[in-house]
2 protein chains.
Amino acid sequence: MLKRKITLKHIARELEVSISTVSKALKNSEEISRDTKEKIQAFAKLYNYKPNNIAISLKNKSTKNIAVIIPDIVHHFFTTVFHGIEKIANEKGYNVILCVSDESFDKEVINMEILANGSVDGFIMSLSSETQLKNDYNHLKELTEQGIPLVLFDRVTDQVACDKVLINDKDGAYRSVKKLIENGKKRIALVATEDYLSVSKERADGYFQALKEFDIAVEDNLILKLPSMSSVEGDAMELFLKNEKVDAVLCVNEIYAIHGMRIAQKLGFKIPQDIEFIGFTDGILSKFSNPTLTAVAQHGEKMGEISAEMLIEKIESENDVETYRTEILEPTIIERESTLNV
Amino acid sequence: MLKRKITLKHIARELEVSISTVSKALKNSEEISRDTKEKIQAFAKLYNYKPNNIAISLKNKSTKNIAVIIPDIVHHFFTTVFHGIEKIANEKGYNVILCVSDESFDKEVINMEILANGSVDGFIMSLSSETQLKNDYNHLKELTEQGIPLVLFDRVTDQVACDKVLINDKDGAYRSVKKLIENGKKRIALVATEDYLSVSKERADGYFQALKEFDIAVEDNLILKLPSMSSVEGDAMELFLKNEKVDAVLCVNEIYAIHGMRIAQKLGFKIPQDIEFIGFTDGILSKFSNPTLTAVAQHGEKMGEISAEMLIEKIESENDVETYRTEILEPTIIERESTLNV
DNA sequence: TATCAACACGAAACCGTTTTCGTAAACTTA
DNA sequence: TAAGTTTACGAAAACGGTTTCGTGTTGATA
């Protein structure tokens, strides 16, 4: 019952021709006579012959696989990036091996080592927070030294020479804060993570820039730093909103913003009249929260598409040109109910 | 500068021994003398030799890759399942190639065909809605006929003999509705998708069963069917809630539930006093909505783990035993603010 | 009829491993 | 010292393809 995979050798033996003849016949080579080709092709079709990808990979030194390493899969932004990557990769005939580093340096390194030995033609990745904290990029450098193409997106480092795709986080934050100021807000808070994450830092910079431009003094106690990205446990946010007479909040992610809005509502604030909210990452929560959240869209899918295009271009370019590009996407502010829209 | 990949052949040539000697020395074979082994191992280490995975795959007829095909990546449930799969796969030394069918039959077929020719050792998948609609499973049957291990999860079919992992959707719906009835609700609505999806059907059955048990007549106009999973456009929901004097709603997904709650609030209903809501898929929206949503947790991560374990067990079992298991997980109802919790 | 090109195919190398088997050289043993 | 046993290594096949090159047969040409 079990139809085992058939190979060129089987066909050759059955039809009493050589393996090379079979191979050529199946590629419709001019070298082979019509009769022979038809016979071989018919036989191959009948037995559902399909060339073995592994053998082809070995011969061609090309796997048509690319690796994607992201810090977290249960996170809307990375998910959309992956979707963009997968779309382009499929269009160009590549499969995608997806690894999740879970924000761990070791997992990132291990995944790279396993896949860098012929399993994939190139890597697309976003750095784990632990890697950015350790500031150790030797695993990436080894990769590029071996001539394996690498594209970094969103969480990047300037210590590795490779193609990069990122969004202008600083400008996104700058424009958000500017908008809040123009809406008449005075005490604008920033809710961020610890700033070893490159993106968190950029966003803080944009916040500072906007305040400076409008001659508003930076107050340290208007900046709340929460430990981990998804944990909103504890009452830090509540104390913060209660004590600081904040009238607008920029959050570096959706969760913080949604959580902040709930607490503000509980404290009796009206959104957006008394307090406005803007959050990074225009994910699913922003669209469905109550009120809906004005968000800085990071265009994840587009980032994914560009990353994949850059990587595949490098993979398929003959010459090992050592020139690297950095694409910077402009974020878009999606206005919703959590801000006054003038 | 560019350190090209080094092979056994290079080492052999450089050290003037044979390739077989190098191979054995690196595996610490007893056949090779201490001196030679040390010399070869030192050289290999110095030049950072790593065996080529593709060559090993070809030799062993085992790729240590598994394919995961899911209908949608930007969907919390599938994302958590993937996370579970990836976790187990990594523990057992497998990489995961992730393909997204985008609910398309053709993409599902194409992805399978590409990967079924040696690229992976087995498949884990959840059927696309189009496939369930067409009711065509020949691509899956071909796979199993070739002896390639396959595990189906969540959206399965009984037309293909293979391992399966699913949650008891019917019971989840049944218990939800029972709870609503016990909370004193009389006019309980069901908001579902078109029922060619196996899971949607199961959930509807559970709804019917609970009503029947409590001698409540099924009213067709208490059942709202919306076209696509993520589109909540249009005012179908609003008309429905306004006209039908509904006092409880079971939704087959989060989005419908969140959307329903917003409209109910807009219409002046108090949740949960006037109207209660329960939604399937305990995702991120349920936790952060306002009010938070009582949800039927599907234990996606657990499903992923079980699927991966089943698949790898099949892959690594010598004998082609043709016995298949079906694991059924019990859902858990997570009570939150959208229901009265007695 | 000798020469030559075109045709149709096969042999063999190659991709990078693993593994079986064969065998010189060194060492034991009787 | 002849015979047998280790020891330490190499040759070669195998995995499943692709591709280059060589060659016997045919038919055309001079």
Side-chain angles (χ1 to χ4, degrees), chain A residues 3-41 43-44 47-65 114-121 146 148, chain B residues 3-41 43-44 47-65 114-121 146 148:
Chain A
K3 289 194 281 178
R4 271 279 157 226
K5 277 264 156 245
I6 188 174
T7 69
L8 289 187
K9 194 194 279 189
H10 294 133
I11 302 183
R13 194 182 301 151
E14 209 64 31
L15 264 42
E16 294 181 309
V17 291
S18 76
I19 293 178
S20 17
T21 301
V22 178
S23 175
K24 289 170 191 165
L26 293 177
K27 314 202 99 172
N28 239 320
S29 161
E30 292 299 324
E31 275 185 73
I32 309 298
S33 70
R34 274 178 65 82
D35 280 7
T36 314
K37 276 200 282 195
E38 278 171 8
K39 191 176 60 176
I40 292 176
Q41 286 170 4
F43 188 93
Y47 285 93
N48 194 30
Y49 168 80
K50 294 280 164 53
N52 180 309
N53 287 329
I54 298 293
I56 293 177
S57 290
L58 181 58
K59 186 91 238 278
N60 295 352
K61 291 163 166 286
S62 140
T63 62
K64 289 284 180 179
N65 287 157
I114 290 175
L115 295 173
N117 304 115
S119 298
V120 299
D121 299 339
Q146 287 175 35
I148 300 177
Chain B
K3 289 194 281 179
R4 270 278 156 228
K5 276 269 156 241
I6 188 175
T7 69
L8 290 184
K9 193 193 278 188
H10 294 132
I11 302 183
R13 195 182 301 150
E14 208 65 28
L15 262 42
E16 295 181 308
V17 291
S18 76
I19 294 178
S20 16
T21 302
V22 178
S23 176
K24 290 170 190 164
L26 292 176
K27 313 205 98 167
N28 238 320
S29 161
E30 292 299 323
E31 275 186 71
I32 308 298
S33 71
R34 272 178 66 81
D35 281 6
T36 313
K37 276 199 282 194
E38 278 172 8
K39 192 176 60 177
I40 292 175
Q41 285 169 5
F43 188 92
Y47 286 93
N48 193 31
Y49 168 80
K50 294 279 165 55
N52 179 309
N53 287 331
I54 298 294
I56 293 179
S57 290
L58 181 58
K59 188 94 237 286
N60 295 352
K61 291 163 164 285
S62 140
T63 61
K64 289 284 180 180
N65 287 157
I114 291 174
L115 294 172
N117 304 116
S119 297
V120 300
D121 299 340
Q146 288 174 38
I148 301 176

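We name chains A, B, ... by the order of the sequence lines, and we start the count at 1 in each one.
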Of the candidates C:dC9, C:dG16, D:dG16, the side chain of A:Thr21 sits closest to C:dC9
Among D:dC15, C:dT20, C:dC15, the one nearest any side-chain atom of B:Lys24 is C:dT20
Any A:Lys61 side-chain N or O less than 4.0 Å from OP1/OP2 of C:dG16
yes
Which nucleotide in D:dG17, C:dC15, D:dA11 has an atom nearest any side-chain atom of A:Leu58:
C:dC15
For the pair made of CD1 in B:Ile32 and P in C:dT20, what is the distance, rounded to whole Å?
14 Å
Check whether any side-chain N or O of A:Ser33 sits under 4.0 Å from OP1 or OP2 of C:dC7, and answer yes or no.
no
Reckon A:Ser57 touches a base, only the sugar-phosphate, or nothing at all at heavy-atom distances under 4.0 Å?
nothing
Considering every strand and a 4.0 Å limit on heavy-atom distances, what is the contact class for A:Thr7: base, sugar-phosphate, or nothing?
sugar-phosphate
Whole Å only: how far is the CG atom of B:Asn52 from the P atom of C:dC14?
17 Å
Rounded to whole Å, please give me the gap between CD1 in B:Ile54 and C1' in D:dC15.
13 Å
Does D:dA14 have OP1 or OP2 sitting under 4.0 Å from an N or O in the side chain of A:Lys9?
no
Heavy-atom nearest nucleotide on DNA chain D taken for A:Glu31 and for A:Leu8; more 5' hit belongs to A:Leu8
Rounded to whole Å, CG of A:Leu26 lies from P of D:dT19 at a distance of 13 Å
Side-chain heavy atoms of B:Tyr49 within contact of B:Ile40, under 4.5 Å
no
Whole-Å distance between D:dG16 C1' and A:Tyr47 OH?
20 Å
Protein-nucleotide distance (B:Lys50, atom NZ; C:dT17, atom P), rounded to Å
12 Å
Looking only at side-chain N and O atoms, does B:Ser23 come under 4.0 Å of OP1 or OP2 in C:dT17?
no
Determine the minimum heavy-atom distance between B:Ile56 and B:Pro51, stating which atoms define it.
CD1-CB, 3.7 Å
A:Ile6 has an atom CD1; how far is it from atom P of D:dG16, in whole Å?
12 Å
B:Lys59 side-chain proximity, nearest of D:dG17, D:dA14, D:dC9:
D:dA14
Any idea which heavy atoms bring A:Ile54 and B:Ser57 closest together, and the distance?
CG2-CB, 3.9 Å
Please state whether the phosphate of C:dT17, meaning OP1 or OP2, lies under 4.0 angstrom from any side-chain nitrogen or oxygen of B:Tyr49.
yes
Taking atom P of D:dT7 as reference, at what distance in whole Å does atom CG of B:Asp35 sit?
15 Å
Looking at A:Lys50 and B:Asn117, what are the two nearest heavy atoms and their distance?
CB-ND2, 3.0 Å
Whichever of B:Thr36 and A:Pro51 has its nearest DNA chain D nucleotide further upstream toward 5'
B:Thr36
What's the separation between atom CG in A:Leu15 and atom OG1 in A:Thr21, rounded to the nearest 0.5 Å?
10.5 Å
What's the shortest heavy-atom distance between B:Lys64 and B:Asp121, and which atoms?
N-OD2, 2.8 Å
Give one of base, sugar-phosphate or nothing for B:Ser20, where a contact means two heavy atoms less than 4.0 Å apart.
base
